J.: 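First the structure, which I've put down as structure tokens, then a few questions once you've had a look.
Numbering starts at 1 and runs along the sequence shown. This is a predicted model, so every value here is computed, not measured.
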Amino acid sequence: MQPIEIARRMAELGQKEDAQKAYTVALTKEELAPIERFEAASYIFFSQGNYKTAYTALVALYNEGHFRDEVMKLLAQAFYQPNEDELRQRYAENCAALAAYPYFFRADFPDFDELPLHFFPFDDDGYLPFDPAENRFGEYINFNHPVIDRYFFKDLENPILAQDVYSQYQLEYLNDTVRKSEWIGRDNHVYLHYTDWEQFCAHLQCLELKPLLADEKFVFLVGEEIARYPINFAAEYGVDYSRYPVRPVGVQEVNRLIWHTQLAAHNGGDFFNEIFYGHPNIMSYESVMFDDISEQIKKIRVRFYKHTLGNMVIHQQLAAIKRPTDKDFLVAYFLIKPDTSRWLDKNSRIAPALFFQPHFGNIRYELEVAEGDGYCALFSEEYEKIKKSSIFKGFKYIKTFTPIRRPTTSYAATVRFMVAQLGDPDNPVRIEDELANRILNRSYLREPDDRLLMDSALVRFEDGKLNPKAIFPVLAEFLDIPYTESMTYCSSRLGLNPESLKGNARGFDPATVYRTYDEYANDDERAFLEYFMRDIYEACGYSFHYYKGEPVDEAWAREKIEGFTTLNSYIIRSLRECYDGIRAKGVRMENDEQEITRNMDGMNQNRMRIAELLLKNPRFVTRQGQPLRMMEPLKLDPALLEQPLYH
């Protein structure tokens, strides 16, 4: 039986939930006739199943020209009419607020019933716009979708000019980020140009403009009024902003976080820190351990309450906040610390963003079989700390970028770093199974509704080294900061082209792009990595250097694992040093070699368990069952390539 037939039978038997499931499968998996789709959507809707499934199917039918009278009557009664009064009231309030606003120059608002769009609420977050003239529904709109997809701050020489901004989130972003004219001693209004008067008015049903007008930062220009940009406020309004002194940036003005994530160790993080160091619109700092920054916040909180901050301006700003948060104290820490803020453009039109890379000793993921056929759950304790952090929760606007480096190179460089720690009898170090860690580390995947990664991008380390002029202007655009001279060279508090770690390549030296670190990784280890991380290889344009395209099964995986001799030799060496250290403290060890064998056997079993799970090509989800999707890689500008694209 087909799902539609099963659904009908379940409905006849009164088995509502089973019928809903079968009708849903029929809608998503079968090629149904319009009358069958209408049947399925209607049953799901009237039996109070997943209304979004029914709603989506009904809208599709309407746009295709099927059952329009029936569909519109149902959707209007269920979704539009219950919310119409709210839409009318919001429209009236916005019209009244704009009519009284000094920098809005139209008064001929159309009646609500004459607006060219009707907004049908779809869920708690967004709407489906209906265009009566075209007699069709448009795409879903969430006016508060927390993504900045415009390059508002490319040029800060002139006042900000933005066209047709219909995002509540982006309007609030402009209002919260652009500094008042009185604070920088020049006209610094945000000029919002709307090309179509009726479309602008239609969106007043959904936007909340009144709270954004209090500071009088916006100038609204409609149609040909664009000719007034920029307004001479001294001539037209008698306001000479040049008479105002520049005001220091306030703690609560800093609402933007640029989160430079640590996908894995030795992924090029220091290099990207050196690119952003000294940017005139960024408070930046080199990598800092996550626990260390938490301690710094505790310390600065204590200093504030003991009146020992040493910066009276920042102290007064914190004192003016009713309940300063961890985010406020982090911003205060960055504003006070010379190494993080001394280069800031004090006359900038925008408040600076806080550039932050909280670091962990390593990023570890666990892989678990999840409910449902073909699913595996990924979990990282380190990432959970970030998600729960009061620091991150405190920022309203978050842009996230993640450096990615060829996994085999990054892996071998990490092993090299760990091996360099060996040989100290007073501080023996145990080398982890970095290969298993690396295979499990899928932090380039994100939940669709993860607030911290919703506005995120992957950036290839190799592109930064080989084609900086083609990638860093694009990264600046993504982060909505000007591309400045400070992004054309590497620097830190140590000066130009610093040596981040002993032996590391400086500046744009491409040596670390081409190093393979053969003494720290062998071909079996690297082929294993390439095959089981082929999703990121494909997404980021890395070609295989070690996996040759042969069929892969459990026997292949077992053979490769038996060949992990390079990593195993370092792990065994580290275990022996650790056991020697234990013995030196007077603790008796029964049989070192037997213990080492037991450790290595357990390690190989775990590697094989991981391989067996990954060979099933699972779909990755969170522990809560949310699907994980690839973060979008940032594409460089091909017209600005200086060297061939790295593969």
Side-chain angles (χ1 to χ4, degrees), residues 90-109 143-144 148 150 152-153 155-195 197 200-201 203-256 281 317 320-321 345-353 396-397 480:
R90 189 179 296 117
Y91 178 68
E93 289 175 352
N94 279 324
C95 290
L98 289 171
Y101 189 66
Y103 309 130
F104 188 84
F105 311 112
R106 294 284 294 262
D108 52 332
F109 297 100
F143 293 101
N144 287 292
I148 303 299
R150 305 279 197 97
F152 290 115
F153 305 139
D155 175 17
L156 297 181
E157 290 298 315
N158 301 301
I160 307 302
L161 173 63
Q163 183 170 290
D164 292 331
V165 182
Y166 289 121
S167 161
Q168 181 76 27
Y169 181 79
Q170 293 182 18
L171 288 170
E172 292 178 9
Y173 168 77
L174 289 169
N175 190 56
D176 292 342
T177 306
V178 177
R179 307 197 72 206
K180 293 184 69 171
S181 301
E182 294 87 345
W183 294 351
I184 67 166
R186 53 180 168 160
D187 171 28
N188 198 39
H189 290 83
V190 178
Y191 291 80
L192 298 173
H193 178 224
Y194 291 94
T195 54
W197 169 243
F200 169 75
C201 291
H203 284 81
L204 297 181
Q205 302 172 73
C206 304
L207 299 175
E208 295 278 1
L209 292 186
K210 188 175 181 179
L212 304 180
L213 304 181
D215 287 335
E216 297 187 353
K217 288 185 179 181
F218 292 122
V219 173
F220 294 85
L221 302 173
V222 180
E224 295 180 356
E225 291 173 352
I226 186 63
R228 301 186 64 171
Y229 170 84
I231 292 174
N232 185 330
F233 276 80
E236 292 199 33
Y237 296 99
V239 180
D240 183 1
Y241 290 116
S242 66
R243 299 176 61 183
Y244 289 85
V246 174
R247 170 174 162 172
V249 170
V251 168
Q252 290 194 297
E253 283 189 79
V254 181
N255 296 297
R256 291 196 296 160
N281 303 109
Q317 291 177 2
I321 303 171
D345 178 4
K346 302 298 189 293
N347 298 307
S348 177
R349 296 184 181 277
I350 59 175
K396 185 175 179 180
Y397 311 104
D480 198 20

J.: Please report the shortest heavy-atom distance between Asn232 and Ala235, naming the atom on each side.
T.: OD1-N, 3.0 Å
J.: With Tyr191, which of Asn158, Ile160, Ile231 fulfils side-chain contact (heavy atoms from CB on, under 4.5 Å)?
T.: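 Only one option passes, and that is Ile231.
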J.: Check the angle between the aromatic planes of His189 and Tyr103 and answer parallel, tilted or perpendicular using the 30° and 60° thresholds.
T.: perpendicular
J.: I'd like to check the side-chain contact (heavy atoms from CB on, under 4.5 Å) partners of Val251; sequence neighbours left out, ordered by chain and number.
T.: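 Scan of Val251 (side-chain contact (heavy atoms from CB on, under 4.5 Å), adjacent residues dropped) gives Ile314, Gln317, Leu318, Ile321, Asp328, Val331, Ala332, Leu335.
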J.: With sequence neighbours left out, which residue pairs that include part of residues 243-255 fulfil the side-chain hydrogen bond (donor to acceptor under 3.5 Å, both in side chains) condition?
T.: Arg179-Glu253, Asn255-Lys327
J.: Within the side chain of Asp215, is there an N or O that forms a donor-acceptor pair under 3.5 Å with the backbone of Lys217?
T.: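 No, because the side chain of Asp215 does not come within donor-acceptor range (under 3.5 Å) of the backbone of Lys217.
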J.: Looking only at atom types and distance, does a side-chain atom of Tyr229 sit under 3.5 Å from a main-chain N or O of Pro159, one as donor and one as acceptor?
T.: yes
J.: Do the ring planes of Trp197 and Phe104 sit parallel (below 30°), tilted (30 to 60°) or perpendicular (above 60°)?
T.: tilted
J.: Step by step, work out the side chain to side chain contact (heavy atoms under 4.5 Å, CB included) result for Phe105 and Leu221.
T.: CA-CA 7 Å; Phe105 311 112; Leu221 302 173; 3.9 Å; yes
J.: Are any non-hydrogen side-chain atoms of Phe218 and Leu174 less than 4.5 angstrom apart?
T.: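 Phe218 vs Leu174: side chains touch.
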J.: Which of parallel (below 30°), tilted (30 to 60°) and perpendicular (above 60°) describes His203 and Tyr166?
T.: parallel
J.: So do the side chains of Phe152 and Ile350 get within less than 4.5 Å of each other, counting heavy atoms only?
T.: no
J.: Less than 4.0 Å between a side-chain N and a carboxylate O, is that true for Arg106 and Glu225?
T.: no
J.: Measure the shortest side-chain to side-chain distance between Leu207 and Leu212 over non-hydrogen atoms and say whether it is less than 4.5 angstrom.
T.: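 Counting from C-beta outward, Leu207 and Leu212 never come under 4.5 Å.
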J.: Using the test salt bridge (charged side-chain N to carboxylate O under 4.0 Å, His left out), find all partners of Asp187 that sit at least two apart in sequence or belong to another chain.
T.: none
J.: Quick one: does Ser348's side chain get under 4.5 Å of Ile184's, heavy atoms only?
T.: no
J.: Using 30° and 60° as the class limits, which term best fits the ring planes of Tyr397 and Tyr173: parallel, tilted or perpendicular?
T.: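 Answer is perpendicular, since the angle exceeds 60°.
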J.: So do the side chains of Leu156 and Asp345 get within less than 4.5 Å of each other, counting heavy atoms only?
T.: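 They are not in contact (no side-chain heavy atoms under 4.5 Å apart), so the answer is no.
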J.: Is a side-chain N or O of His193 found less than 3.5 angstrom from the main chain of Phe220, in a donor-acceptor match?
T.: no
J.: Work out which heavy atom in Leu213 is nearest to a heavy atom in Tyr101; give both atom names and the distance.
T.: O-CE1, 3.5 Å
J.: Give, for atom CG of Asn144 and atom SG of Cys206, the distance between the pair rounded to the nearest 0.5 Å.
T.: 10.5 Å
J.: Just verifying a value: how many Å separate Asp240 CG and Ser181 OG, rounded to the nearest 0.5 Å?
T.: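 Between atom CG of Asp240 and atom OG of Ser181 there are 11.5 Å.
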J.: Considering only heavy atoms from C-beta outward, does the side chain of Arg90 approach that of Gln205 to under 4.5 Å?
T.: no
J.: Is there a side-chain contact between Asp480 and Thr177 (heavy atoms, below 4.5 Å)?
T.: no
J.: Measure across Leu204 and Leu209 and return the closest heavy-atom pair with its distance rounded to 0.1 Å.
T.: CD2-CD1, 3.5 Å
J.: So Lys210 and Glu93, do their side chains get closer than 4.5 Å, heavy atoms only?
T.: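 A side-chain contact is absent here, since even the closest heavy-atom pair is not under 4.5 Å.
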J.: Considering the options Val178, Val165, Asn175, Leu171, which one meets the side-chain contact (heavy atoms from CB on, under 4.5 Å) requirement together with Val190?
T.: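 The option that passes is Val178.
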